[in-house]
Amino acid sequence: MSVIAENLEKIHARIASAAGRVGRDPSGVLLVAVSKKCPPECVRAAVEAGQATFGESRVQEAKAKVSHLSGSLHWHLIGHLQTNKARDAVELFEMIQSVDSVRLARELDRWAERAGRRMAVLLECNVSGEGSKFGFKPDEVGAVLPELNAMQRLEIRGLMTMAPFFKDPQQARPAFRALRELRERLQQQQGIPLPELSMGMTNDFEVAVEEGATVVRIGTAIFGESRGAVCERGEPDA
Ligand SMILES: *Cc1c(COP(=O)(O)O)cnc(C)c1O
């Protein structure tokens, strides 16, 4: 078994225990393998281990990588998207998790219409209020949601957030809880279903699952700290 396959197996087991602790069905948690900075060989090793959904942070990097891989893979954009790359993003990705402005949403809607497709998106929310992070402020999402929801080609499936990094993952819990509560408020006030909550990374995904994550985005625990190295050496790196 490859190191990547072993890592994936361990993560699935950890997702299952976290889900079990709060009485959730682990099949309700999608693992997105974050393959940014990984060469295509690494992605291939993950595909061989049964992983089909991958997350990339940058359009240019994803474009180069996707062309090296075949099969029915699902690509999600998880990093900040500039409006001038919206067209490429609509071509490449099945879901854009990082919609952080109305202007970007408009561009995506426009290009999705040209491409004759619907584009699944998540609204990135900055629940921790860290200045360095992209995303809507929690108290502005309610005001923009009707406009976003009216965009014909966009399918708003839920919310995404990145918690601040803490050594102790328990400290990320309030951010995850805040995203879930925001989702619940928005659903109630606006009657718009927002089923997906994308939250949790290598350091804190178990806490995120306990707080209701339906999507976790994990890179380091699968591919190692220095990414590519894990599939070249064939040894654990994380
Ligand atoms: C890099 C990245 C991840 C994965 O982080 P790891 O700590 O390597 O698991 C998840 N989400 C976003 C938005 C990222 O940029």
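Counting starts at 1 for both ligands and their atoms, following the listed order. Index from 1, following the sequence.
Classified by interplanar angle (parallel below 30°, tilted 30° to 60°, perpendicular above 60°), the ring pair Phe134/His80 is parallel.
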All N/O donor-acceptor pairs, side-chain side in residues 22-30, below 3.5 Å, sequence neighbours left out:
residue: Arg24; atom: NH1; partner: Val209; partner atom: O; Å: 2.9
residue: Arg24; atom: NH1; partner: Ala213; partner atom: O; Å: 2.8
residue: Arg24; atom: NH2; partner: Ala213; partner atom: O; Å: 2.9
residue: Asp25; atom: OD1; partner: Ser27; partner atom: N; Å: 2.9
residue: Asp25; atom: OD1; partner: Ser27; partner atom: OG; Å: 3.0
residue: Asp25; atom: OD2; partner: Ser27; partner atom: OG; Å: 3.1

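Residues that satisfy the side chain to side chain donor-acceptor pair (under 3.5 Å) test with Glu196, not counting sequence neighbours, are Thr214.
A donor-acceptor pair under 3.5 Å links the side-chain atoms of Arg44 to the main chain of His68, judged by distance alone.
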Would you tabulate the polar-atom pairs, meaning N/O of ligand 1 against N/O of the protein, with distances under 3.5 Å, reported to 0.1 Å?
residue: ligand 1; atom: 8 (O); partner: Thr220; partner atom: N; Å: 2.9
residue: ligand 1; atom: 8 (O); partner: Thr220; partner atom: OG1; Å: 2.6
residue: ligand 1; atom: 8 (O); partner: Arg227; partner atom: NH2; Å: 3.3
residue: ligand 1; atom: 9 (O); partner: Thr202; partner atom: N; Å: 3.0
residue: ligand 1; atom: 9 (O); partner: Thr202; partner atom: OG1; Å: 2.5
residue: ligand 1; atom: 9 (O); partner: Gly219; partner atom: N; Å: 2.8
residue: ligand 1; atom: 11 (N); partner: Arg217; partner atom: NE; Å: 2.9
residue: ligand 1; atom: 15 (O); partner: Lys36; partner atom: NZ; Å: 2.8

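Separation of atoms OG1 (Thr202) and CD (Glu225) is listed at 8.5 Å; rounding is to 0.5 Å.
Using a 4.5 Å cut-off between side-chain heavy atoms of Ile, Leu, Val, Met, Phe, Trp and Tyr, Met1 forms no hydrophobic cluster with any other residue.
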